[in-house]
Amino acid sequence: MPEGHTVHRAARLQRELLAGSALAVDSPQGRFAEEAALLDGQRLESIEAYGKHLFYAFESGVYLHVHLGLFGKFRMGAGRAPEPRGAVRVRFQSERGWVTLSGPTACEILDASGRRSILARIGPDPLRPTDRPARAFARIAKSSTPIGALLMDQSVIAGIGNVYRAELLFRAGIAPQVPGRAVPRTALLELWRDARALLRAGERTGRIVTFRPRERHYVYNRTGKPCRTCATPIVSATMAARTVYWCPGCQH
DNA sequence: GTGGGATGGGCAA
DNA sequence: TGCCCCTCCCACA
């Protein structure tokens with residue numbers, strides 16, 4: 001479930017299990033074995049999430065950068081790690097608990113400048129309390145790109161993925177095809193606030209719920225089904241290389 | 001049992 | 001734009 005909320009939640013839970021401790025680090029799968037050996041025994045200073053990126057700061061000054069991509073998955077728990085399930089790229093063990101990572105798009109050691117260059121190319125993150133949306137609004141306000149593509153662009157806003165894109169636009173009543181510069185500033189502000197609220201809820205619960213606990217989504221993955229508000233069939237199309245869903249009755 | 005698609009993104013062309 | 005990465009899960013048999 002890797003959108004921004006998953007990554008921030010992972011950072012919070014893993015801090016409790018690992019931060020401040022010297023870690024045993026290995027790579028049961030073997031693909032990260034050399035790097036794991038460099039980290040093994042070091043104290044983990046902090047874990048920080050920016051959009052969909054995670055940075056683990058180690059005492060020697062290096063960072064482990066993780067991006068889950070579409071397939072990546074963390075497992076974690078208190079006590080001793082169980083036998084690895086599937087292909088585990090990297091495993092951490094502290095005196096309090098363990099974390100395993102499988103299937104990531106990125107799992108690499110970076111120095112401070114490598115970390116900075118990643119942070120320089122992502123936009124404000126609604127889950128970071130001090131981030132402000134002005135930069136994102138400026139990009140959107142002068143762009144002819146559809147708002148549905150801009151919301152997926154991590155250099156515009158960091159942390160929103162395909163589910164939140166569809167749900168945010170439905171809740172705002174905006175069709176995905178509307179050019180960025182045609183979206184009123186008041187609507188952008190409302191989108192930002194709603195993104196912050198929905199992502200925070202997702203961070204707390206670990207699930208994306210934008211409608212009701214049982215019927216979780218308004219439009220995402222509901223092609224052909226009746227709109228929960230107006231009963232018009234939900235439609236879908238490809239935008240920014242992913243399927244976008246919307247209600248032609250509610251979104252203009 | 002199994003095949004396709006999935007909540008991403010980098011890269012070549 | 002399409003391919004690849006390379007894992008999990010669910011719809012369908």
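Letters A, B, ... mirror the listed sequences (proteins, then strands); counts begin at 1.
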#### Entry: d(CG, Leu54(A); P, dG8(B)) in whole Å
15 Å
### Task
Considering only atom P, compute the distance from dT2(B) to dC6(C) and round it to an integer number of Å.
23 Å
### Task
Please check the phosphate of dG8(B) (OP1 and OP2 only) for any side-chain N or O of His67(A) closer than 4.0 Å.
no
### Query
Rounding to the closest angstrom, what is the interatomic distance between dG10(B) and dC8(C) at atom P?
22 Å
### Query
Would you say dC6(C) has OP1 or OP2 under 4.0 Å from some side-chain N or O of Gln29(A)?
no
### Query
What distance do Leu198(A) atom CG and Leu127(A) atom CG have between them, rounded to the nearest 0.5 Å?
10.5 Å
## Note on the structure
Whole-Å distance, Phe71(A) CZ to dG5(B) P, equals 13 Å
### Message
Please classify the nucleic acid contact of Ala106(A) as base, sugar-phosphate, or nothing, using heavy-atom distances under 4.0 Å.
### Response
nothing
### Summary
In whole angstroms, the gap separating C1' of dT7(B) from CZ of Arg9(A) amounts to 15 Å
### Phosphate-side-chain proximity, Tyr220(A) and dT7(B), N/O vs OP1/OP2 below 4.0 Å
yes
### Task
Please work out whether the ring planes of Phe55(A) and His53(A) are parallel, tilted or perpendicular, with thresholds of 30° and 60°.
parallel
### Task
Dot-bracket notation for DNA chain B is requested: 5' to 3', Watson-Crick or G-U wobble pairs only, both distances under 3.5 Å, with ( ), [ ], | and . as defined.
||||||.|||||.
### Task
With sequence neighbours excluded, give me every salt bridge (Lys or Arg N to Asp or Glu O under 4.0 Å) pair touching residues 165-178 of chain A.
Arg171(A)-Asp194(A)
#### Entry: Spacing of the P atoms in dG5(B) and dG2(C) (rounded, Å)
15 Å
### Below 4.0 Å: OP1/OP2 of dC6(C) and any side-chain N or O of Lys73(A)
no
### Query
Within the structure, does a side-chain N or O atom of Arg89(A) lie under 4.0 Å from either OP1 or OP2 of dC5(C)?
no
### Query
When all nucleic acid strands are considered with a 4.0 Å heavy-atom cut-off, which category describes Arg165(A): base, sugar-phosphate, or nothing?
nothing
### ILVMFWY network linking Val156(A) to Val178(A), side-chain heavy atoms under 4.5 angstrom
yes
### Query
Counting any heavy atom closer than 4.0 Å, what does Gly86(A) reach on the DNA or RNA strands: base, sugar-phosphate only, or nothing?
nothing
### Task
Round to the nearest Å and state the distance from Leu70(A) atom CG to dC4(C) atom C1'.
12 Å
### Task
Look at the side chain of Thr105(A) and the base of dG8(B), then say whether one donor and one acceptor between them are separated by less than 3.5 Å.
yes
### Query
Is any side-chain N of the basic residue among Glu48(A) and Arg115(A) closer than 4.0 Å to the acidic one's carboxylate O?
yes
#### Entry: His5(A)/Tyr164(A) under ring-ring contact (aromatic ring centres under 6.0 Å, His included): CA gap, chis, key distance, verdict
CA-CA 10 Å; His5(A) 70 295; Tyr164(A) 283 120; 5.3 Å; yes
